[in-house]
Enquirer: 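Before we start, here is the structure in question, set down as structure tokens.
Since we're looking at a predicted model, the values are computed, not measured. Quick note: numbers below take in every heavy atom, side chains included, and nothing from hydrogens, waters or symmetry partners.
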Amino acid sequence: MWRGGATATSTARALRSRLLLDPIHHPVTSLAPIASRASSSSSAPSTAAANTIVEEAAAAVSVSQHTGSISDALRHYGKCYWELSKARLSALVVATSGAGYVLGSGNIVDIAGLCSTCAGTMMVAASANTLNQVFEIKNDAQMKRTMRRPLPSGRISPAHAAMWATSVGVAGTALLAWKANGLAAGLAASNLVLYAFVYTPLKQIHPVNTWVGAVVGAIPPLLGWAAASTELSLNAMILPAALYYWQIPHFMALAYLCRNDYLAGGYRMFSFADPTGKRTAWVSLRNCLYMLPLGLFAYNWGLTSEWFGLEASLLTLGLTIGALSFVLEPSPKTARRMFYGSLLYLPAFMAGLLLHRLPIEQKAHNLAEKSELDGVLYGADLQDKERARQKRQDRKPSRVQSRPPVAYASVAPFPFLPVPIYES
């Protein structure tokens, strides 16, 4: 009896040590021979103890395998959602929307409102990018740059991706309507429709898709401004205009560099009908020139201080020089130089815009001072005109009124009457 108990104890210790060292790589079936030897050489209590240990080991192995499968699934789908959302591109959209929110705020920026606006924008942008890939599975499979995406590579099904896009799109729009206002939510929803259902199919139809895509990129700053101020004004157009004109040279350079890849994917880009690259370069230069006065407009409209006008003009001048070099020598080298210059331009422009912004109260004060100055100048101008008119009148020869003649005939018959006197 003692020997049987000792055998069972030693068997349990060996089994426990094996389970503690590597519980995953020893399945339950490998424990059966050990349990059978223990049961053959032990009594009923020792057999029950060994069976209990085997059951505990089996439960531990099952839990470990289940936990591993859940973590693997979360890791797999999380990576797929990240790639479907084009997280880096969506982050740029969120940055422009956040900049618009700050520009549309007063002296104090509502941090909670800013976070809600950025979160809603991120969701809507992720939905639009996912729908874009759902509609372009075959095209992405033909391009080296996109064939490893989740849908062409088969890592996720189109139905699953469409459900993801729908859920995050609805959630983002609802969040903007709840935490911001209906105008911001409407801009977000319209931009999603414009990107997924207009711009995406247009890429395979006509080169005008680049300009439609520029409109899509210009809406997020308006969304942020509307979320902060509940309205849109002329000042709100500075950053959207900069984004619109900036996207043209940026994507013209990209389309020129990836011309063969876009051609294999079946897309219609402007550079396809321009083998020399001259027209592509001229379009890039023209839109860089359009951006030159934006800094001065921002100062003149009271959005920023005068320093931003100078800084923005210098930044745009640098990008224009890059576009000019592309015009003079259309080549992959100059196109790549302009492309990298555009990547540096946008964050610098937005940083300067936020650094030199004037709060709404300061804008109103400046406008009041300007109105008062205009009134003073207008009054001085009126005084000058009045003085000039008076001088002109003084220079005219004075007309002396002639004294009416004395009616001597009427006096003669009555010499006793006094002669009438006429006052001048």
Side-chain angles (χ1 to χ4, degrees), residues 86-105 109 114 117-118 121-122 125 210 213-225 228 235-257 281 283-327 333-359 362-363:
K86 297 181 183 178
R88 287 182 295 181
L89 177 60
S90 297
L92 176 61
V93 174
V94 170
T96 59
S97 177
Y101 189 95
V102 174
L103 291 173
S105 302
V109 178
L114 175 61
T117 301
C118 290
T121 305
M122 185 70 181
T210 303
V215 174
V216 172
I219 291 180
L222 290 177
L223 188 159
W225 184 289
N235 292 343
M237 301 299 170
I238 294 294
L239 185 54
L243 278 167
Y244 176 84
Y245 292 124
W246 167 83
Q247 287 178 92
I248 304 301
H250 176 79
F251 285 107
M252 286 294 169
L254 182 63
Y256 182 84
L257 293 171
V283 169
S284 302
L285 178 62
R286 184 174 68 240
N287 284 270
C288 288
L289 293 175
Y290 291 156
M291 289 190 289
L292 278 173
L294 290 179
L296 300 177
F297 286 159
Y299 166 63
N300 189 43
W301 295 347
L303 184 63
T304 63
S305 65
E306 62 274 12
W307 286 106
F308 177 73
L310 177 61
E311 294 172 3
S313 299
L314 293 177
L315 281 172
T316 310
L317 186 61
L319 186 60
T320 305
I321 292 174
L324 182 61
S325 65
F326 186 32
V327 170
K333 180 181 178 180
T334 55
R336 189 174 292 107
R337 186 182 304 160
M338 186 181 70
F339 178 76
Y340 289 140
S342 67
L343 293 179
L344 295 174
Y345 173 84
L346 186 60
F349 184 91
M350 289 197 303
L353 195 60
L354 295 176
L355 180 63
H356 298 292
R357 79 179 184 96
L358 296 178
Q362 183 66 29
K363 297 174 197 172

Enquirer: Once rounded to the nearest 0.5 Å, what's the spacing between atom CG of Leu289 and atom CG of Leu317?
Expert: 10.0 Å
Enquirer: Within the structure provided, determine whether Leu353 and Leu303 are in side-chain contact (heavy-atom separation under 4.5 Å).
Expert: yes
Enquirer: Could you pull out the closest heavy-atom pair between Ser97 and Leu223, with the gap in Å?
Expert: OG-CD2, 3.8 Å
Enquirer: Rounded at 0.5 Å granularity, tell me how far CD1 in Ile321 sits from CE in Met338.
Expert: 14.0 Å
Enquirer: Please find the pair of heavy atoms, one from Thr316 and one from Cys288, that lie closest to each other, and give the distance.
Expert: CG2-O, 3.4 Å
Enquirer: What's the spacing between Tyr256 OH and Phe339 CZ if we round to 0.5 Å?
Expert: 15.0 Å
Enquirer: In terms of relative ring orientation, are His356 and Phe308 parallel, tilted or perpendicular, with 30° and 60° separating the classes?
Expert: tilted
Enquirer: For the atom pair CG (Asn235) and CH2 (Trp225), what is the distance rounded to the nearest 0.5 Å?
Expert: 5.0 Å
Enquirer: Which atom names give the shortest non-hydrogen contact between Gly224 and Thr117, and what distance separates them?
Expert: CA-CG2, 4.4 Å
Enquirer: Assess the residue pair Met252 and Ile248 against the criterion (side chain to side chain contact (heavy atoms under 4.5 Å, CB included)); give the C-alpha distance rounded to whole Å, side-chain angles, the decisive distance to 0.1 Å, and a yes or no.
Expert: CA-CA 6 Å; Met252 286 294 169; Ile248 304 301; 4.1 Å; yes
Enquirer: What's the shortest heavy-atom distance between Ala281 and Val327, and which atoms?
Expert: O-CG2, 3.4 Å
Enquirer: Quick one: pull up OG1 in Thr304 and CG in Leu355 and give me the separation to the nearest 0.5 Å.
Expert: 10.5 Å
Enquirer: Determine whether Ile238 and Leu103 satisfy the following criterion, side chain to side chain contact (heavy atoms under 4.5 Å, CB included), listing intermediate values before the conclusion.
Expert: CA-CA 10 Å; Ile238 294 294; Leu103 291 173; over 6 Å; no
Enquirer: Please say which of Arg337, Gln247, His250 ends up in a side-chain hydrogen bond (donor to acceptor under 3.5 Å, both in side chains) with Ser342.
Expert: His250
Enquirer: With rounding to the nearest 0.5 Å, note down the distance linking CG in Leu243 to CE in Met291.
Expert: 10.0 Å
Enquirer: Looking only at heavy atoms, what is the nearest atom pair of Ala236 and Leu222, with distance?
Expert: O-CD2, 3.6 Å
Enquirer: Closest approach of Ser105 and Ala228, non-hydrogen atoms and distance?
Expert: OG-CB, 3.7 Å
